[in-house]
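The chains referred to below are lettered A, B, ... by the order of the sequence lines, with proteins before strands, and numbering in each begins at 1. All figures in this text were calculated on a predicted structure; none of them were measured in a lab.
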Amino acid sequence: MKKLPFSFYRHDDILGIARALMGKLLVTVNGQSVCSGRIVELEAYAGETDKASHAWNGRRTQRNEVMYGAGGSAYVYLCYGIHHLFNVVTGSADQPHAVLIRALEPVKGIAIMEKRMKRKADHTITRGPGNLSKAMGIDLRQNGISLRSETLYVADDGFVFPDQLISLSPRIGVDYAGEDAKRLYRFYIKGNPFVSGKPR
DNA sequence: CAGTGGATCGTCT
DNA sequence: GACGATCCACTGG
């Protein structure tokens, strides 16, 4: 079980990185509490040329500043005033690519997740970007930190999903993005109950 | 089931 | 002052 090296993130093949992140482990550590989950759904956001991205057309604000740093850090922001959405920043410096993590299959720390969610674990406990952040204890405090931190990291335990299990679709909730909304930038595991949306 | 609307607040105009 | 890379409860069929 190894933390991914920065070289994993710091190049501009955003779709290649997205594909490679499928099946990796997201880990959070809070004191004695360790939680981890396997990535089963995500979306790529292709920087300045992608209308669905916060960095579209070179948009650069206090909020999305971390996207413009070199890959390998966390971009967390608040959505609808309620949900924290967790992104993996990728690309070389000034190349504001990111991958939104949308669903995990819980691996460790399920009792801790239940406590955070105030309910019993089921297939929805880490389903959807808002839910997984809450279950994993991710919020704005993690914005900008390294993905090789003690308290937050992405790891490879050798597990790989075969290509035949991976499906592509348009991204969720980006209808405003015109032609870019049609891009097949969402990756998910076929039939996995932790994947958001309707089964397909 | 599908469709609708409320929650709730940091961020940008 | 408006709105969002969401979620869930609630409605009606």
Side-chain angles (χ1 to χ4, degrees), chain A residues 9 14-15 17-19 21-22 26 37 39-69 71 73-91 95-106 113-145 147 154 167-189 192-200:
Chain A
Y9 306 99
I14 175 71
L15 295 180
I17 294 173
R19 168 64 181 88
L21 279 171
M22 294 291 285
L26 178 63
I39 297 171
V40 295
E41 180 186 358
L42 52 71
E43 289 174 357
Y45 285 82
E48 304 182 340
T49 62
D50 181 355
K51 201 167 184 182
S53 170
H54 288 171
W56 176 65
N57 203 22
R59 211 161 94 89
R60 185 166 184 162
T61 66
Q62 203 163 20
R63 178 176 69 158
N64 71 8
E65 181 62 28
V66 55
M67 294 180 83
Y68 286 84
S73 54
Y75 173 42
V76 184
Y77 71 95
L78 183 67
C79 192
Y80 295 100
I82 300 177
H83 307 288
H84 295 283
L85 271 59
F86 169 74
N87 296 254
V88 170
V89 175
T90 75
Q95 197 68 46
H97 293 172
V99 177
L100 170 68
I101 307 303
R102 288 192 56 91
L104 302 174
E105 183 167 323
M113 296 182 192
E114 289 180 329
K115 203 168 172 183
R116 291 189 180 120
M117 300 298 275
K118 302 187 198 303
R119 60 183 168 91
K120 279 290 181 187
D122 61 8
H123 66 285
T124 67
I125 193 101
T126 49
R127 176 184 188 162
N131 284 334
L132 82 85
S133 294
K134 188 172 181 190
M136 295 289 283
I138 295 171
D139 60 32
L140 287 181
R141 290 172 299 186
Q142 278 81 22
N143 186 39
I145 73 172
L147 292 176
V154 182
S167 281
L168 302 184
S169 83
R171 293 167 292 185
I172 309 288
V174 297
D175 298 339
Y176 58 85
E179 288 298 304
D180 287 336
K182 299 174 186 168
R183 294 180 184 281
L184 301 180
Y185 281 3
R186 172 172 175 252
F187 293 60
Y188 64 97
I189 300 301
N192 186 292
F194 293 92
V195 171
S196 69
K198 301 169 194 170
R200 194 168 309 179

Need to verify one output field. Residue with the more 5' nearest nucleotide on DNA chain C, A:H54 or A:R119? A:H54

Rounded to whole angstrom units, what separation is found between the CG atom of A:N131 and the C1' atom of C:dC8? 9 Å

Side chain proximity check, A:N143 to A:Y75, heavy atoms < 4.5 angstrom: yes

Are any non-hydrogen side-chain atoms of A:E43 and A:P129 less than 4.5 angstrom apart? no

Side-chain N or O of A:Y176 closer than 4.0 Å to phosphate OP1/OP2 of C:dA5: yes

In sequence, state the C-alpha distance, the side-chain angles, and the governing distance for A:R119 and A:E114, and then conclude on salt bridge (charged side-chain N to carboxylate O under 4.0 Å, His left out). CA-CA 5 Å; A:R119 60 183 168 91; A:E114 289 180 329; over 6 Å; no

To the nearest Å, how far apart are A:I82 CD1 and C:dC8 C1'? 10 Å

Checking the side chain of A:R116 only, and the main-chain atoms of A:A135 only, is there a donor and an acceptor separated by less than 3.5 Å? yes

Under 5.5 Å between ring centres and under 30° between planes: true for A:Y45 and the base of C:dA5? yes

DNA chain C: stems of at least 3 consecutive Watson-Crick or G-U pairs, cut-off 3.5 Å? B:1-7 with C:6-12, B:9-12 with C:1-4

A:N64 side chain vs A:H54 backbone, donor-acceptor pair below 3.5 Å: yes

Has A:R102 got a side-chain N or O lying under 4.0 Å from the OP1 or OP2 atom of C:dT6? yes

Round to a whole Å and report the spacing from CG of A:D175 to C1' of C:dC3. 15 Å

To the nearest Å, how far apart are A:L140 CG and C:dG4 C1'? 14 Å

Remember a base hit wins even if backbone is also touched, and classify A:R60 as base, sugar-phosphate or nothing at under 4.0 Å, heavy atoms. nothing

Under 3.5 Å, is there a donor-acceptor pair between the side chain of A:Y68 and the main chain of A:G58? yes

Write down the distance between NE2 (A:H84) and C1' (B:dC9), rounded to a whole number of angstrom. 10 Å

Round to the nearest Å and state the distance from A:L100 atom CG to C:dA5 atom P. 10 Å

Side-chain N or O of A:R63 closer than 4.0 Å to phosphate OP1/OP2 of B:dT13: no

Could you give the NE2-to-P distance, from A:H83 to C:dC3, as a whole number of Å? 18 Å

Spacing between A:L132 atom CG and C:dA5 atom P, to the nearest angstrom: 16 Å

So does A:A52 get a backbone contact from the side chain of A:D180, meaning a donor-acceptor N/O pair under 3.5 Å? no

